[in-house]
> 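Structure in C-alpha cells, see below.
Bear in mind that the values here come from a model prediction, so they are computed numbers and not experimental data.
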Amino acid sequence: QVEVVESGGGLVQPGGSLRLSCAASGVDILIYVTEWYRQAPGKQREVVATWTTGATTNYTDSVKGRFTFSRDNAKKTAYLQMSELKPEDTAIYYCHVIASTIDAMRPTDYWGQGTQVTVSS
C-alpha cells in the first residue's frame with residue numbers, strides 16, 4: 001500500500017503564501033496521478049490541481065496564476081505553492097494519489113489525511 005501524508009497548512013493573512021507538501025511512500029511505488037483537492041466548510045470537495053504522467057498539470061480556474069504544482073520524483077513528493085491567498089481559499093486540502101506498488105500492482109487510489117489552510121486577517 002501507499003501512505004500519503006500532507007503537510008504545510010496553517011493560518012495566513014490574505015495575500016500571503018503557503019507551500020503544501022504531499023509525500024507518498026510505498027514499495028516500488030509508481031505514481032500515475034497526483035491531485036490536490038480541497039473542501040471548505042459546507043461545500044463539496046473540489047479538485048484544485050491535477051498532475052498526470054504525461055507531465056501535464058491542470059488547475060481549476062479559481063487558482064490559476066496563483067497556485068503552482070511541482071514534484072520531486074526522487075522523494076515521491078508533490079508540492080502546491082499557494083500565493084496571493086484569499087479568504088475563499090480556506091479549506092482542508094487533501095492529496096490524492098493514483099499509484100501501483102509491488103503489493104498492489106493495479107493502479108489504486110490513496111488519500112492523505114488533509115491539512116488545514118486558513119486565510120484570515
Side-chain angles (χ1 to χ4, degrees):
Q1 287 193 289
V2 173
E3 182 181 22
V4 177
V5 180
E6 306 100 328
S7 62
L11 174 64
V12 297
Q13 295 183 341
S17 300
L18 279 176
R19 187 195 192 199
L20 305 183
S21 298
C22 172
S25 62
V27 179
D28 292 334
I29 183 172
L30 178 61
I31 300 174
Y32 301 94
V33 177
T34 302
E35 297 180 300
W36 285 100
Y37 282 79
R38 67 184 180 186
Q39 186 167 22
K43 298 180 64 177
Q44 289 188 320
R45 182 190 66 182
E46 65 172 344
V47 64
V48 176
T50 300
W51 170 90
T52 63
T53 54
T56 59
T57 304
N58 295 316
Y59 301 91
T60 191
D61 288 342
S62 63
V63 308
K64 287 182 178 177
R66 300 188 298 117
F67 291 10
T68 302
F69 180 100
S70 63
R71 300 183 75 249
D72 185 327
N73 290 332
K75 296 181 178 180
K76 301 296 183 182
T77 300
Y79 305 94
L80 186 67
Q81 178 65 49
M82 306 184 296
S83 301
E84 302 175 34
L85 284 163
K86 305 174 181 179
E88 51 263 44
D89 294 319
T90 296
I92 300 175
Y93 284 71
Y94 297 92
C95 186
H96 170 234
V97 175
I98 301 176
S100 63
T101 69
I102 193 170
D103 296 318
M105 297 189 68
R106 67 182 178 89
T108 304
D109 290 272
Y110 301 93
W111 290 88
Q113 82 289 346
T115 184
Q116 177 71 49
V117 172
T118 302
V119 185
S120 176
S121 60

> Are Y93 and Y59 in one and the same hydrophobic cluster, where Ile, Leu, Val, Met, Phe, Trp and Tyr link if side-chain heavy atoms are under 4.5 Å apart?
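Same hydrophobic cluster.
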> Under the criterion side chain to side chain contact (heavy atoms under 4.5 Å, CB included), I'd like the reasoning laid out for S100 against L30: C-alpha separation, chi angles, the key distance, then a yes or no.
CA-CA 5 Å; S100 63; L30 178 61; 3.6 Å; yes
> For the atom pair CD1 (I92) and CZ (R45), what is the distance rounded to the nearest 0.5 Å?
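Reported to 0.5 Å precision, the distance equals 12.5 Å.
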> Got a sec, which residues hit side chain to side chain contact (heavy atoms under 4.5 Å, CB included) with S83, two or more places apart in sequence or on another chain?
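Testing S83 for side chain to side chain contact (heavy atoms under 4.5 Å, CB included), a comparison that skips the adjacent residues, returns S17, Q81.
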> Within this structure, what is the CZ-CG distance for the pair F69 and N58, rounded to the nearest 0.5 Å?
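Rounded to the nearest 0.5 Å, the CZ-CG separation comes to 11.0 Å.
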> Once disulfide bond (SG atoms under 2.5 Å apart) is applied, what residue pairs with a partner in residues 38-82 remain, sequence neighbours excluded?
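Sorted pair list comes back empty.
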> If you look at every heavy atom in A24 and I29, which pair is closest and at what distance?
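Looks like CB-CD1, 3.9 Å.
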> Measure the spacing between OG1 of T57 and CH2 of W36 and express it to the nearest 0.5 Å.
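It comes to 13.0 Å.
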> Any side-chain heavy atom of T108 sitting closer than 4.5 Å to one from V2?
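With C-beta onward as the side chain, the pair stays apart.
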> How would you list all residue pairs meeting ring pair (Phe, Tyr, Trp, His ring centres under 6.0 Å) that involve residues 101-121, not counting sequence neighbours?
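Counting only pairs at least two positions apart or across chains, the ring pair (Phe, Tyr, Trp, His ring centres under 6.0 Å) contacts touching residues 101-121 are Y37-W111, H96-W111.
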> Could you list all the salt bridge (Lys or Arg N to Asp or Glu O under 4.0 Å) pairs where at least one residue sits in residues 4-31, not counting sequence neighbours?
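For residues 4-31, and leaving out neighbouring residues, there are no salt bridge (Lys or Arg N to Asp or Glu O under 4.0 Å) pairs at all.
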> Any pair with a residue in residues 94-116 that passes salt bridge (Lys or Arg N to Asp or Glu O under 4.0 Å), sequence neighbours left out, goes on the list, sorted by first then second residue, please.
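Qualifying pairs, neighbours excluded: none.
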> Out of curiosity, E35 CD to L80 CG, how far, rounded to the nearest 0.5 Å?
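If we round to the nearest 0.5 Å, E35:CD and L80:CG are 12.5 Å apart.
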> Would you list the pairs meeting salt bridge (Lys or Arg N to Asp or Glu O under 4.0 Å) in which at least one residue belongs to residues 69-84, sequence neighbours left out?
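Qualifying pairs: none.
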> Answer yes or no: is there a donor N or O on one side and an acceptor on the other, between the side chain of T90 and the main chain of V119, under 3.5 Å?
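A pair under 3.5 Å: yes.
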> Should V63 and V117 be regarded as members of a common hydrophobic cluster, given that ILVMFWY residues are connected when their side-chain heavy atoms come within less than 4.5 Å of each other, either directly or indirectly?
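Yes, V63 connects to V117 through the hydrophobic network.
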> Mind checking side chain to side chain donor-acceptor pair (under 3.5 Å) for K64 and listing every partner two or more places apart, or none if nothing turns up?
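Only D61 meet the side chain to side chain donor-acceptor pair (under 3.5 Å) criterion with K64.
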> Of all the heavy-atom pairs spanning T34 and C95, show the shortest one and how long it is.
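Taking every non-hydrogen atom into account, CG2-SG, 4.0 Å.
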> Go through the side-chain N and O atoms of S121 and Q13 and say whether any donor and acceptor fall under 3.5 Å apart.
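Looking only at side-chain atoms, Q13 and S121 do not form any donor-acceptor pair under 3.5 Å.
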> Checking S120 now: which residues fulfil side chain to side chain donor-acceptor pair (under 3.5 Å) with it, not counting sequence neighbours?
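Checked S120 against side chain to side chain donor-acceptor pair (under 3.5 Å); zero matches.
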> I need the I31 CD1 to N73 CG distance, nearest 0.5 Å.
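I31 CD1 to N73 CG: 8.0 Å, rounded to 0.5 Å.
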> So which atom in V97 and which in C22 form the shortest heavy-atom distance, rounded to 0.1 Å?
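That would be CG2-SG, 4.3 Å.
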> With S62, which residues qualify under side chain to side chain donor-acceptor pair (under 3.5 Å), at least two apart?
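Expected list: R38.
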> The criterion is side chain to side chain contact (heavy atoms under 4.5 Å, CB included); which residues satisfy it with T53, sequence neighbours excluded?
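For T53 the side chain to side chain contact (heavy atoms under 4.5 Å, CB included) partners, ignoring immediate neighbours, are Y32, W51.
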> Identify, with sequence neighbours excluded, every residue that meets salt bridge (Lys or Arg N to Asp or Glu O under 4.0 Å) alongside R66.
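With sequence neighbours excluded, R66 shows a salt bridge (Lys or Arg N to Asp or Glu O under 4.0 Å) to D89, given in chain and number order.
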> Check side chain to side chain donor-acceptor pair (under 3.5 Å) between Q1 and all other residues, then give those that pass, not counting sequence neighbours.
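For Q1 there are no side chain to side chain donor-acceptor pair (under 3.5 Å) partners, ignoring immediate neighbours.
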> So which atom in Y94 and which in G112 form the shortest heavy-atom distance, rounded to 0.1 Å?
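That closest heavy-atom pairing would be CD2-O, 3.7 Å.
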> Decide yes or no for L18 and F67: does some side-chain heavy atom of the first lie under 4.5 Å from some side-chain heavy atom of the second?
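In short, these two side chains do not touch, never coming nearer than 4.5 Å.
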